[in-house]
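Lettering follows sequence order; numbering is per chain, from 1.
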Amino acid sequence: MPELPEVETVTQSVKKHLMGKQFRSLDVNWQKTLHNFTISDFDSSIKNKVIKNVYRRAKYILLDLGEVLMGIHLRMTGKLYVVDSIDRSKKHISLYLAFGDKYLVFEDTRKFGRFYMFDGIDYLNSKLGIEPLTKDFSKNWILENTKKRNRQIKSLLLDQSFVCGIGNIYADEALWYARIHPLSISSQISGKKILKLHEGIVKVLSESIKKGGTTIRDYTYDFAYVGNYALNLNVFGKQGENCPRCEGLIFKTKVAQRGTHYCPKCQVKIS
DNA sequence: AGGGGGGCCTGTTCGC
DNA sequence: TGCGAACAGGCCCCCC
């Protein structure tokens with residue numbers, strides 16, 4: 001489940017291959033992958049345009065082609081990588097793009113991943129919240145903005161229009177770090193715990209990027225290892241095990257339709 | 001405004 | 001053992 005750190009790592013990985021290149025062709029095996037454009041849109045707006053930049057916004061990988069942006073969202077199982085030739089034995093290649101003497105491949109078992117065409121970044125900016133690894137995401141920002149919402153904190157963390165890039169795994173880990181119960185109402189959590197949460201979010205995301213970057217040398221040819229591989233998880237998937245901090249037993253429940261892991265002993269509901 | 005549920009998908013795990 | 005059911009989840013959309 002690629003979240004911000006995995007998307008960042010993949011972005012950097014493909015970037016070094018794509019900068020300054022031009023796509024020659026697009027081959028689509030699963031039509032729904034193209035969310036809001038067609039092959040003929042590709043031919044007229046993307047094909048033969050120079051890739052000026054490759055960057056990440058929230059969980060989107062964005063290719064800046066000057067006039068347009070091509071956006072890629074990996075969703076659950078999307079894998080994006082560069083190869084010298086297409087492996088026809090792979091069952092789940094949704095599409096691939098040819099450039100130079102290489103291919104940018106999008107492989108996606110569950111077919112949730114999508115490619116988009118945007119005429120600029122404004123549309124995404126209007127839908128997406130603050131980037132948690134920028135200085136805009138300050139202690140004051142989180143104090144003010146959790147206070148004015150009355151939402152279950154885990155749902156709020158998963159809301160991409162609030163803070164972007166956090167998914168199910170990092171939400172659980174950040175809440176554990178701050179000793180906050182996932183069902184706590186955001187406006188009722190003490191300022192002290194909210195500051196811990198801020199610290200936890202920055203910590204789990206940035207440490208994961210760091211580990212991804214060092215543990216795995218090059219994702220380009222072997223993206224399969226991106227995921228939980230590089231993470232030190234404290235609660236996610238640890239139901240039934242002891243809390244690494246307090247000897248409590250980690251419990252799994254559902255919050256906002258998602259599997260949610262926490263320690264009932266040290267993540268108490270009332271702030 | 002916020003919460004719940006369904007849909008999109010397929011490989012894996014679970015239960016009878 | 002073998003089969004179908006349930007589960008996994010990021011995001012969108014609809015409903016209350």
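Taking the 5' to 3' direction, DNA chain B first and last meets chain A under 4.0 angstrom from a heavy atom at B:dG2 to B:dG11.
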Reading nucleotides 10-16 of chain C from the 5' end, what letters show protein touch, with B for base, S for backbone sugar-phosphate only, - for no heavy atom under 4.0 Å?
-> BB-----
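Of all the heavy atoms in A:R24 and A:K47, the pair that sits closest is O-CE, 3.1 Å. Across A:K193 and A:I189, no two heavy atoms sit closer than the pair CB-CG2, 3.7 Å.
Close placement of the A:W141 and A:F162 rings is indicated, their centers lying within 6.0 Å of each other. Here A:F137 and A:H198 bring their ring centres to under 6.0 angstrom of each other.
Note on A:K252: only backbone sugar-phosphate atoms sit closer than 4.0 angstrom, heavy atoms only; bases stay farther off. Here A:K254 lies in heavy-atom contact (under 4.0 Å) with sugar-phosphate atoms only. Looking at heavy-atom distances under 4.0 Å, A:D108 makes no contact with the nucleic acid at all.
Scored by the ring-ring contact (aromatic ring centres under 6.0 Å, His included) test, A:F118 finds A:Y116, A:Y123 as partners (sequence neighbours excluded). Remark: A:R258 engages no residue in a salt bridge (Lys or Arg N to Asp or Glu O under 4.0 Å) (not counting sequence neighbours).
Listed by first and then second residue, the side-chain hydrogen bond (donor to acceptor under 3.5 Å, both in side chains) pairs that reach into residues 49-64 of chain A are A:E8-A:R56, A:R56-A:E131, A:R57-A:N125, A:R57-A:E131, sequence neighbours excluded.
Proximity of a side-chain donor or acceptor of A:S13 to a complementary backbone N or O of A:T9 within less than 3.5 Å is not detected.
Fit an axis to the five pairs at each end of the helix from B:dG2-C:dC16 to B:dC16-C:dG2 and the two axes sit 60° apart, to the nearest 10 degrees.
Between A:E199 and A:K203 there is no salt bridge, since no side-chain N of the basic residue sits under 4.0 Å from a carboxylate O of the acidic one.
Defined by atom type and a distance below 3.5 Å, a donor-acceptor pair is present between the side-chain atoms of A:T38 and A:D41.
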